[in-house]
Amino acid sequence: MNYDFNQIEARWQKYWADNNVYKATNNSTQPKYYILDMFPYPSGAGLHVGHPLGYIATDIYARYKRHKGFNVLHPQGYDSFGLPAEQYAIQTGQHPAITTAENIKRYREQLDRMGFSFDWNREVKTSDPDFYKWTQWIFLLLFDAYYCNTADKALPISNLVAHLAQKGTAALDAVCDSNTPELTAKEWEQLSEEAQQHYLLHYRLAYLAETEVNWCPDLGTVLANDEIINGVSERGGYPVIKKKMKQWSMRIGAYSERLLQGLEHLDWPESLKEMQRNWIGKSKGASVRFTVQEHQAELEVFTTRPDTIFGVTFMTLAPEHELVAQITTEAQAEAVTAYVEATAQRSERERMADVKTISGVFTGAYAVHPFTGEQIPIWIGDYVLAGYGTGAVMAVPCGDQRDYDFAKHFDIPIKNIFEGVDITEAAYDEKGNTPLTASDFLNGLSYAKAIEKVIAALEAEDKGKGTINYRLRDAIFSRQRYWGEPIPIYYVNGVPKALRQEDLPLVLPEVEHYLPTPEGAPPLGNATQWAWDTAQHKVVENSKIDHITVFPLELNTMPGWAGSSWYFNRYMDSGNDQEFASAEALDYWREVDLYLGGSEHATGHLLYSRFWQKFLFDFGFVPVEEYAKKLINQGMILGTSAIIYREKGTQHYISKNKVGDTAVEPIRVDVTLVNAQDELNLDAVKKWQPQFKAATFDTENGVFLVDHEVEKMSKSKFNVINPDAICESYGADTLRMYEMFLGPLEQAKPWNTAGISGVHGFLKKFWRLFYNHDQCMVTDVPAGAEERKIVHQTIKKVTEDIEQFSFNTCVSSFMICANALTTAKCHSREVLEPLVVLLSPFAPHISEELWKALGHNSSVTQAAYPQFNPEWIKEQQKNYPVSFNGKMRFTLALDLALDREAITAAVMAEPQTQKYLDGKPPKKVIVVPGKIINIVC
RNA sequence: GCGGGUGUGGUGAAAUUGGUAGACACGCUAGAUUUAGGAUCUAGUGCUUCACGGCGUGGGGGUUCGAGUCCCUUCACCCGCACCA
């Protein structure tokens, strides 16, 4: 019987599915272990070889943990709401649900082909109403909550209402919008019901507000900060501009400190934790209030350097700052309006591109210095960001380079407050011990002391206070899209009202067009039929007009990260239609023990999901505040694109080495059209795309050579390698082991199939330890000492390496072991049996088959993990001959040893050693296992 | 600019965490076997030298009996953030 992987793999995959082998139970006497992959978005391109890398790693670990006696939860699902399916719908009219279902089917086939041990009974899809019912439910929970700083947790909004009714905003310490007016209890009572509801929006954790948003005109939607990369949209790379819009937001800022503190105890990659810390961007400083001359207004600024307050020579406001219109003098009005408009029209990208150009305009207004009473001119400049701090800065040109440059550019005076420091060329921005001068009561003080003193003074005079500022901004939660969760809100006279829990899910309605309505409403405005009626809770049939006009529904949908912010809890109890998961299930599984996914989610999904988890924890719905104990980022598998050169403006292509000085442009061609020698298949390329039909090719030595570039694997770059093809020619077990063998899990690496034959050869060699053609080779003859040793070494090494997720070295260990047993012609059951179990997490199909060859009737999945036997090792080590060869050197007569401590003990017990030491204890014993021993006296 | 990371043969990479650097695999060379093979097996393969030997973990310096590993310095590349007051 030869190693017929295709037949073996298909058979065992069917067996596992038919027998529900990997079903996890929610109660077990075994310890639990929850292993999770970041679930994929099912794209139309299907899986490429990069996707399974993480799934293979978690699958190995899951299977290992099962052997070790754990009740393992290893689920999989789909993040199935998203842009590509919707854009396909816009182009073709095909409902995104159909596209998505097709893609999921394809994904599932590909995943099954690789032999993963997922518990598919628990599959989730974020676009499934049974799932998004609970996404909507959590949204309403957030809508119905505010953040109480006193309790340092989220509380029901009813608590806030009670407080307002009793004391107004007095003694209220809660997170709210910066423009929230203060109220007395009486004023609160006098507000109309509507006004009260509007007022509460300042506090709700899911709230509706007029905010500055990132608007992407080409996508026709707003985007969150993490969805913008280098000033353009993450999806599609379209320009993004700032715009004021009424949008739903999530008050994630309320959790800034807890999100920051929570990182301390997480076993996550340091780089990723650092990214989150930077994103949260905590900075300590002070807020200072400046009064504006001839206006009632006060100008509040945030500064990390309140010690430099006597160096202030001007103020700068962001062009979007709300005071701009109010304080600008008539003389300056024209210039200011022009500047504000010009800034608004610049895209985020343009604004980022020329940070060097200094621009700004004087408002004509003056602020009053809180200590000196001096007049300070108020300017506008786009180097001040509207979204950070208060959108206004006190400019200290002597201590801040940007203020310095601005002052120089506009000829604003610069006042030096640093003793003995030369600022004729640049600002002095070090936080050193340089004493302050010309700073009244701060004179002579260093940085730290001055900050302390000035904050005390500000607080004493009620002109400011010590404060902490976070860069983290509230997350915009509305998207003007069709293919997302409907927001379960309706409006009564413009006041947002929550749907009742029994009205959920608010099912996504059918629409004829997936684009915004002619009136500019989001795509849901096209819906003529909602399965929901506001007042009577009846199904509305063709009567949208009445109800929608009376009680319009929210037409925005939720962003892509809504469903992924809590899905890990759903797997614990995915079939539950009463709760998002039962308390019992949540108590049993608690949290994800191992989470694996890419680092690109650092400031998106991984931050939002921590936020939602903390919120659910505050309300007692989940038992733990952090949902992922340990997280590993797998490195991306990169593709190698094939590049050919086209002479500019022609259809003439030139082989790689003949390009020379010719002006050419690089064109990507499909990598599958290129052979291992970098030669392009010219016939195939002419058929591949019409533009090559009439092309001419300048070859060298009769062949056309291509150039390469290593980059992200993507359909648009024609460099995608499909795992199905690898499975077809080598089998899933080879693919699994080869992907692990490629290099360390965390490292990014280009895909190449150069080494795959080595791994495949190992499996064939391993097979031949059991079968020689039709003859089963397994014997009951005991193995020799050498063979036992190598097997025990392999058990020890592989087990240790799995625990450290060092799967590439595991594969090497298996190869070494197989080579040794082959050379020794050892077919002893005694050593083959533990090896099969050891190998089964990596190559489950072949292991099942060989387990059967050993005479077992059950699946290898149920087998106990082989134990490294220290007793046996000790027994062996008694026989290690040790020879003394010189003053400080011993050589052990073995090629490899197992345990450094054991060898040290053995050597110390040697009479030769005792003689050498002459009764004195050694200073240090240095052992290189199996090799050399040095004893230092 | 700030933060994080990586530099080891022709290639992917190991290195028991301070202990024979290059395990294992690809590739390459030679040979065996086979009708043939992208099959299997054997031997060799860091550089240099006919050889003894010498040199080797981006460069320079240091600590140590001993450094790829620790410290200082410098260079190169990758990733993230970036007018954050």
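What you see below is based on every heavy atom in this structure, not just the backbone, and it leaves out hydrogens, waters and symmetry mates. Proteins come first, then strands; the chains are lettered A, B, ... in the order of their sequence lines, and each starts at number 1.
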Across the strands shown, which category fits A:F814 at heavy-atom distances under 4.0 angstrom: base, sugar-phosphate, nothing?
nothing

Rounded to whole angstroms, how far apart are CZ on A:F807 and C1' on B:rG12?
19 Å

Minimum-distance nucleotide (side-chain atoms of A:S283 versus B:rC24, B:rA85, B:rA14):
B:rA85

First locate atom CZ of A:F5, then atom SG of A:C727, and finally report the distance between them rounded to the nearest 0.5 Å.
9.5 Å

Quick check on A:E322: does its CD atom have over 12 non-hydrogen neighbours (other residues, nucleotides or ligands) under 6.0 Å away?
no

When you measure from the side chain of A:Y730, which nucleotide among B:rA15, B:rA39, B:rG38 comes out closest?
B:rG38

Counterpart base for B:rC2, defined by Watson-Crick or G-U wobble contacts under 3.5 Å:
B:rG80

Would you kindly give the OH-to-P distance between A:Y738 and B:rA13, to the nearest whole Å?
10 Å

Please confirm whether the shortest side-chain N or O distance from A:N819 to OP1 or OP2 of B:rA25 is below 4.0 Å.
yes

Pairwise P distance, B:rC75 and B:rA21 [rounded to whole Å]:
31 Å

Of all the choices, B:rC83, B:rG4, B:rA85, which nucleotide is nearest to the side chain of A:E274 once you look at every atom?
B:rG4

Have a look at A:S271 and say if it touches a base, only the backbone sugar-phosphate, or nothing, with a 4.0 Å heavy-atom cut-off.
sugar-phosphate

Would you measure the distance from the C1' atom in B:rU48 across to the matching atom in B:rU34 and give it in whole Å?
40 Å

Using Watson-Crick or G-U wobble geometry with both distances below 3.5 Å, tell me the partner of B:rA30, or none.
B:rU42

Base, sugar-phosphate or nothing for A:R473? Non-hydrogen atoms, less than 4.0 Å.
nothing

Syn/anti state of B:rU16 by chi, 90° boundary around 0
anti

Could you work out which one of B:rC41, B:rA39, B:rA85 sits closest to the side chain of A:T303?
B:rA85

Gap between atoms NZ and C1', on A:K796 and B:rU16 respectively (whole Å):
8 Å

Just checking A:L385: base, sugar-phosphate only, or nothing, at a heavy-atom cut-off of under 4.0 Å?
base

Base paired to B:rU35 (Watson-Crick or G-U; both N/O distances under 3.5 angstrom)
none

B:rG10, syn or anti by chi within 90 degrees of zero
anti

Aromatic ring proximity, centroids under 6.0 angstrom, A:F410 and A:F314
no

Thinking salt bridges, do A:E270 and A:R277 make one under a 4.0 Å N-O criterion?
yes

Establish, with yes or no, whether the OP1 or OP2 oxygen of B:rA14 is under 4.0 angstrom from a side-chain nitrogen or oxygen of A:N808.
yes

Residue A:M275, side-chain heavy atoms: nucleotide from B:rG12, B:rG80, B:rA85 that is nearest
B:rG80

Looking only at side-chain N and O atoms, does A:E430 offer a donor or acceptor that is under 3.5 Å from a partner on A:Y447?
no

Does any N or O in the side chain of A:H827 come within less than 3.5 Å of the main-chain N or O of A:L769, such that one atom is a donor and the other an acceptor?
yes

Does anything in residues 744-758 of chain A reach RNA chain B, meaning a heavy atom under 4.0 Å, and if so which residues?
A:P744, A:Q747, A:A754, A:G755, A:S757, A:G758

What's the closest nucleotide to the side chain of A:V384 if the choices are B:rA39, B:rC83, B:rA85?
B:rA85

Take atom NZ of A:K765 and atom P of B:rC41, then tell me their distance rounded to the nearest Å.
5 Å

Between B:rU40 atom C1' and A:W767 atom CH2, what is the distance in whole Å?
18 Å

Using the P atom in both, what is the distance from B:rU42 to B:rC55, to the nearest Å?
35 Å

Counting only Watson-Crick or G-U wobble pairs whose two distances fall under 3.5 Å, which nucleotide matches B:rU17?
none

Rounding to an integer number of Å, can you tell me how far A:E739 CD sits from B:rA13 P?
14 Å

Any strand, both distances under 3.5 Å, Watson-Crick or G-U wobble: B:rC47 pairs with B:rG54

Mapping A:T603 and A:S812 to their closest nucleotides on RNA chain B, which lands nearer the 5' end?
A:S812

Classify the side-chain pair A:D801/A:S806 by whether it contains a donor and acceptor separated by less than 3.5 Å.
no

Dump the intermediate steps for side chain to side chain donor-acceptor pair (under 3.5 Å) on A:H760 and A:T734, then the final yes or no.
CA-CA 5 Å; A:H760 190 61; A:T734 298; 2.9 Å; yes

Taking B:rC47 as the reference, what is the distance to B:rG80 when you measure between their P atoms (whole Å, please)?
37 Å

What is the ring orientation for A:F766 with A:F770, classed by angle as parallel under 30°, tilted 30 to 60°, or perpendicular over 60°?
tilted

Taking atom C1' in both B:rU16 and B:rG27, compute the distance separating them and give it to the nearest angstrom.
29 Å

Counterpart base for B:rU69, defined by Watson-Crick or G-U wobble contacts under 3.5 Å:
none

Taking the side chain of A:D400 as heavy atoms from C-beta outward, which of B:rC83, B:rA85, B:rG80 is closest to it?
B:rA85

Does B:rA82 have OP1 or OP2 sitting under 4.0 Å from an N or O in the side chain of A:R402?
no

Roughly how many Å is it from NZ in A:K273 to P in B:rC79, rounded to a whole number?
24 Å

Interatomic distance at P, B:rA13 relative to B:rA82, whole Å
30 Å

Rounded to whole angstrom, note down the P distance from B:rG46 over to B:rA36.
32 Å

For residues A:H369 and A:F310, establish whether the separation of their ring centroids is below 6.0 Å.
yes

RNA chain B: 5'-proximal contact among A:T822 and A:K797 (nearest heavy atom):
A:K797

In whole Å, measure the gap between the C1' atoms of B:rG66 and B:rA30 for me.
39 Å

If we only count heavy atoms from C-beta on, is the A:S287 to A:T390 side-chain gap below 4.5 Å?
no

Figure out the CZ/P separation between A:R768 and B:rA39, and round it to whole Å.
11 Å

